[in-house]
Amino acid sequence: MNNAHAVVPKSSVFDVDAMLADTSVRIIVCCGAGGVGKTTTAAALALRAAEQGRKVVVLTIDPARRLAQSLGLGHLDNEPRPVVGINGTGSLDAMMLDMKRTFDEFVESAADPERAATILANPFYQSLSSSFAGTQEYMAMEKLGQLRSSAVVEDRWDLIVVDTPPSRSALDFLDAPRRLGSFLDGRFIRLLAAPAKAGGRAYMRVLSAGFGVFTSVLSKILGGQVLTDVQQFVASIDTLFGGFRERADETYAMLKADDTAFVVVTAPERDALREASYFVERLDGDDMPLAGLVLNRVASTSASAIDAATATSAAARLAVLGADTSAAILRIHAQLVATQDRQRRLAERFTSAHRHVPIAVVPTMPADVTDLTDLRTIGQALADG
Amino acid sequence: MAHVSDSDWEGVRLHIVTGKGGTGKTTVAGALALALATGGKRVLLIEVEGRQGIAQLFDVPPLDYNDRRIASAPDGGEVFGNALDSEEALLEFLDMFYNMRRAGSALQKMGAIDFATTIAPGVRDVLLTGKTKEAVRRKSGDDYVYDAVVMDAPPTGRITRFLNVNNEIADLARTGPIRSQADAVMAVIASPQTAVHVVTLLEEMPVQETADAITELQEAGLPVGAVIVNQVRVPLLSPTEQTRALEQTLDSAQLAIDLESVGITPTDDVIAALMHEAAAHAERVALEDRERFTIAELRIPTYELPFRPDGVDPGTLYDLAELLLTQGVA
């Protein structure tokens with residue numbers, strides 16, 4: 001247990017190296033609120049696993065520029081590329097998700113060239129593949145599925161580490177694909193596509209408020225052209241993909257398998273810990289395998305014998321004696337201990353509600369990640385628990 | 001403690017607060033609302049991401065779609081809170097244009113509500129910004145109901161798309177009421193009545209995102225307000241001590257003697273730990289100075305709020321509001 005782990009004294013230590021060494025774990029999913037260091041954690045875990053001998057691919061969603069550069073992801077081409085500079089016998093490939101490209105490839109693989117071209121040119125499809133909420137999550141899942149099958153079929157990798165899209169809620173990663181899938185397979189899009197035909201008598205009954213009003217509202221709100229685009233889109237994808245919802249359900253089921261491990265990333269802040277709680281509860285409820293929680297950017301001190309009050313009063317006395325420098329050093333210590341105390345209070349709310357969740361604590365790093373050495377440092381901190 | 005300093009944002013009635021996740025934008029939005037309400041004003045604080053961050057911050061029960069009083073500001077001001085909900089806004093919108101609120105449950109069954117509020121790009125944003133615009137312009141008699149509206153907005157990565165609703169719904173609705181609603185929203189948001197403030201920490205990534213967001217906002221013709229720097233470390237070392245700490249040449253022997261004199265046993269471990277902490281503090285202050293310089297190059301008004309080791313509770317929120325006031329924010 002390192003000093004930082006004093007922040008969560010009552011919890012068990014998340015043994016990150018044991019997870020990385022366990023060859024039955026083939027997918028690690030990193031989730032959490034925005035701004036907690038999810039992408040960096042995913043990259044650090046992937047690098048550490050690779051340098052311990054595994055064949056790893058890391059799928060990042062939206063890495064910060066310098067992190068991307070440190071992985072050699074200068075350009076985005078939606079294909080895993082080897083990361084240069086890995087120590088040992090393992091390997092690391094990295095890629096950045098291009099959601100539109102992934103969707104396009106998905107269409108191209110399912111349809112003959114002529115039909116694919118029609119779909120790709122459809123304005124509704126273009127909007128769907130670039131700006132619909134949930135498309136990024138759906139395509140992240142889709143890509144994960146593809147990586148998994150090439151891992152299995154071609155034996156290219158034995159571990160996939162996935163970062164999850166930045167979204168309003170960490171739960172979106174689990175829910176958005178099915179929401180989008182239900183929409184694409186649902187009654188509403190068919191109604192949009194062919195109001196008069198698909199509507200029929202059944203909808204007349206549902207819409208007691210007046211079906212005619214409803215369709216005219218739709219065309220007024222959305223405009224006639226949109227309905228034509230949707231109609232053409234629905235006609236061309238019909239029976240093509242065997243159901244978007246079904247496909248989303250399959251990927252969802254994959255995440256429940258024994259070879260998946262979820263790592264929830266959070267920071268010792270109120271909002272981030274609340275998101276982490278929601279997520280942990282959801283994984284529990286859905287029987288999804290939670291490996292542990294990473295508590296990132298924690299203040300730590302090795303002089304914990306001197307508490308904040310002692311340091312503050314000693315600083316005041318030293319200042320009177322004219323020992324300004326020593327007084328300042330003690331004030332720095334007092335501030336650090338006060339920060340650590342606050343973080344402990346926040347973390348304890350989480351640990352008392354989720355005693356079974358093992359936690360790895362990562363101390364605050366002085367600067368941002370710029371190269372593999374920095375990622376190794378974070379990997380080491382993760383392993384130190 | 002009435003403030004006589006002129007506000008830097010005279011004439012601004014809608015303050016939109018964004019920032020990278022984890023920079024404390026909700027806290028800053030709350031402090032800003034209190035500052036603006038100081039001196040007998042009525043201010044509405046709105047959240048749009050369903051996180052109940054305002055309720056937590058002010059320690060009040062969860063907010064809903066109705067404005068509720070959440071705090072008193074100094075000298076007779078009042079802050080109201082509202083957690084905007086896109087589904088409520090949609091039903092209200094349908095009701096307003098088509099008297100269709102009754103059809104709500106049927107629309108729900110077909111997935112139409114879900115489509116409009118969570119899946120279709122931009123519609124949700126038009127609904128939320130539309131409701132905000134309505135609050136800004138709401139009148140009782142000849143007077144505005146609120147002197148100012150503060151929005152705890154989506155993070156920097158999404159803010160331009162969120163506010164630039166015209167552009168966002170361009171593909172989906174070229175005519176019709178959603179389109180006119182978007183135009184009406186832009187008439188307020190892209191006007192001098194609005195200021196978009198960006199909250200940042202003095203760290204590399206948040207500052208980079210701040211610079212990127214400001215460029216994007218400016219390119220979209222949206223009115224950039226201030227950069228509000230949050231959690232600034234107060235330098236605890238003098239300039240000479242700061243230099244020595246960075247060079248790791250602070251006098252550890254002297255520290256041991258001084259600790260002894262106030263009854264703290266100076267073990268080697270304690271001395272090493274304290275020297276390490278002083279060096280880390282100096283590094284952090286040096287980093288903040290570098291980032292501060294980057295922010296200065298953006299050439300837009302900047303305010304600073306200090307780091308609070310104990311965190312922020314409803315009480316310290318008033319201190320932060322006071323600091324914003326003395327710097328001329330309100």
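With no hydrogens or angles considered, a side-chain donor-acceptor pair links A/Thr370 and A/Asp374 at under 3.5 Å. Under the 3.5 Å distance criterion, with hydrogens and angles disregarded, no donor-acceptor pair is assigned to the side chains of B/Asn230 and B/Thr23.
In this structure, the portions of B/Glu277 lying under 4.5 Å from any heavy atom of chain A include both its backbone and its side chain. For A/Glu269, no part lies under 4.5 angstrom from a heavy atom of chain B. Using a 4.5 Å cut-off between heavy atoms, B/Leu287 touches chain A through its side chain atoms alone. Using a 4.5 Å cut-off between heavy atoms, B/Ala278 contacts chain A through both its backbone and its side chain. Heavy atoms closer than 4.5 Å to chain A are found nowhere in B/Val234, neither backbone nor side chain. Only the side chain of B/Ile264 has a heavy atom closer than 4.5 Å to any heavy atom of chain A. Contacts between A/Arg274 and chain B at a heavy-atom distance below 4.5 Å involve the side chain alone, from C-beta outward. In this structure, the portion of B/Glu241 lying under 4.5 Å from any heavy atom of chain A is its side chain and not its backbone. Both the backbone and the side chain of A/Ala314 come within less than 4.5 Å of a heavy atom in chain B.
If you look at A/Tyr138 and A/Phe173, their ring centroids are not closer than 6.0 Å. The distance between the ring centers of A/Phe183 and A/Phe244 does not fall below 6.0 angstrom.
Applying the side-chain contact (heavy atoms from CB on, under 4.5 Å) criterion to B/Thr240, with sequence neighbours excluded, gives B/Ser238, B/Arg244. For B/Ala282, the side-chain contact (heavy atoms from CB on, under 4.5 Å) test picks out B/Leu237, B/Gln242, B/Ala245, B/Leu246, with sequence neighbours left out. Residues passing the side-chain contact (heavy atoms from CB on, under 4.5 Å) test with A/Arg270, sequence neighbours excluded: A/Leu346, A/Arg349, B/Gln56, B/Leu57.
Looking only at heavy-atom pairs under 4.5 Å with chain B, the residue among A/Leu321, A/Asp341, A/Ile306, A/Thr325 that has the most is A/Thr325. Counting heavy-atom pairs under 4.5 Å between each of B/Ala272, B/Gly24, B/Pro206, B/Pro309 and chain A puts B/Pro309 at the top.
Ion pair B/Lys20/B/Glu203 not flagged as a salt bridge, since none of the NZ, NE, NH1 or NH2 atoms sits closer than 4.0 Å to an Asp/Glu carboxylate oxygen. Between B/Glu288 and B/Arg284, at least one side-chain nitrogen of the basic residue sits less than 4.0 Å from a carboxylate oxygen of the acidic one, meeting the salt-bridge criterion. The residues B/Asp152 and B/Lys25 are annotated as salt-bridged, a charged nitrogen and a carboxylate oxygen being separated by less than 4.0 angstrom.
For the pair A/Asp185 (side chain) and A/Arg245 (backbone), a donor-acceptor distance under 3.5 Å is present.
The stretch residues 254-263 of chain B places B/Gln254, B/Leu255, B/Asp258, B/Leu259, B/Ser261, B/Val262 near chain A, each with some heavy atom under 4.5 Å from a heavy atom of that chain.
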